[in-house]
Number of protein chains: 2
Amino acid sequence: MSTERTFYFVDTIDRRILNQLQRDSSLTNQALADEVGLSPSACLKRVKRLREEGIIEREVALLNPDTLGQCLHMVVEVTMERDNKSLYQRFLTSALSAPEVKQCYQVTGECDFVLIVTVADLDEYDRFCDRVLYGDDNMRKYRTLLSRKRHKFETSVPMESLLST
Amino acid sequence: MSTERTFYFVDTIDRRILNQLQRDSSLTNQALADEVGLSPSACLKRVKRLREEGIIEREVALLNPDTLGQCLHMVVEVTMERDNKSLYQRFLTSALSAPEVKQCYQVTGECDFVLIVTVADLDEYDRFCDRVLYGDDNMRKYRTLLSRKRHKFETSVPMESLLST
DNA sequence: CGTGAAATATGTATCGT
DNA sequence: ACGATACATATTTCACG
């Protein structure tokens, strides 16, 4: 598990840019420049740099799942049999490549992985379990928490306090 | 808990547009129009409609937490004392307004809520627990799973199969 | 980092199917 | 009702100070 060791220098203006774009990336560069008190060209240069450095990974549209028909969210806690790195890796590879798995956290505590799985219906969830969970012979057990409602979904990452946003 | 009942008609072209924008909303309207085989103006009209109807909720930049110094993710399972709607609502109001809570799922199963909490360090997490969890007298217990690594974070919502993306 | 001009993109009105 | 074309407005982008 190689943790990223690449840190970049991110100053207050960068943080304000990131803060805005985490909220709303549909801002025009001009509006953004205005907000952070920079000229459009200087602002654009910073945004491009933040993108190139991988600090901004990508920009996406967030859809409202409730408007798109069936969409079930599951929280799945997975416990492995043996604490073996390569067996863990094998599970990870399969879990990460599954389109149903939207999030995957490797945790310390009463289980080993927590997955957020999104499917259209319970049949699809069954097939997912057969394929990814039962398909791994180092998987000891899993526990499913079926979400009745996703009350909050916020993608932003904490930023050291800003003087003014 | 009022589930959204507003469904809209979303055809194949809309789905292709949504699919693209879920992946990458930094596409120019021209490039998007090209991808889905529409003129730029027709494409723009659809995107605006999808936004007005709330199918596209917003556009955001996803940052790489590993490049920004300390950022701990916690999976927190909360169990309430009494299954009382207004007491649940009181907890929800407080949890949803907490900036540390990035995601909140109300679940069926061995607990009542699953939170994804993001903090800079354990001190901040302690303060969060005191304020939001211990601060609610209908909270019976909670269990924390500390994430050692967030392996996957995908915001897209499943879309009925598309002929070609 | 800011300015200004050229290159692109967006947004709108209008017409055609 | 929906898409295409063309035109007007706005934004991005880059060379230069």
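Worth knowing before you read on, the calculation uses all heavy atoms, side chains too, and leaves out hydrogens, waters and symmetry mates. As the structure is a prediction and not an experimental result, all values here were calculated from the model.
Nearest nucleotide to the side chain of B/S39, out of C/dG2, D/dT5, C/dA9: D/dT5. Taking only side-chain atoms of B/R46, from C-beta outward, the nucleotide of C/dG2, D/dC2, D/dA4 with the closest atom is D/dC2. Considering only the side chain of A/Q30, D/dT12 comes nearest among D/dA4, C/dC1, D/dT12.
As rounded to whole Å, 15 Å separates atom C1' of D/dT12 from atom CG of A/L27. Separating the CZ atom of A/R51 from the P atom of D/dT12 is a distance of 11 Å, rounded to the nearest angstrom. In this structure, B/L38 places its CG atom 14 Å from C1' of D/dA1, rounding to the nearest Å.
An end-to-end axis angle of 30° holds for the helix from C/dC1-D/dG17 to C/dT17-D/dA1, taken from five base pairs per end and rounded to 10°.
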Mind running side-chain contact (heavy atoms from CB on, under 4.5 Å) on B/L145 and A/E110 for me, showing each step along the way?
CA-CA 7 Å; B/L145 304 167; A/E110 285 99 320; 4.0 Å; yes
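Using a 30° and 60° split on the angle between ring planes, B/Y88 and B/F113 fall in the tilted class, from 30° to 60°.
Two residues, B/C43 and A/T28, neighbour DNA chain D, and the one matched to the more 5' nucleotide by heavy-atom proximity is B/C43.
A/H151 NE2 to B/L92 CG: the interatomic distance, rounded to the nearest 0.5 Å, is 4.5 Å.
Under the 4.5 Å side-chain criterion, counting only non-hydrogen atoms from C-beta, A/L122 is in contact with A/M74. Looking at B/R16 and B/R46, their side chains never come closer than 4.5 Å, going by heavy atoms from C-beta outward.
No hydrogens or angles considered: nothing links the side chains of A/K102 and B/T155 as a donor-acceptor pair under 3.5 Å.
Residues A/R49 and A/D14 are paired through a salt bridge, judged by an N-O separation under 4.0 Å between the basic side chain and the carboxylate. Contact check on A/E124 versus A/R131 returns no salt bridge, with no Lys/Arg side-chain nitrogen under 4.0 Å from an Asp/Glu carboxylate oxygen.
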Could you write out each protein N or O paired with an N or O of nucleotides 11-17 of chain C at a distance under 3.5 Å?
{"unit_1": "C/dT12", "atom_1": "OP2", "unit_2": "B/K48", "atom_2": "NZ", "d": "3.3"}

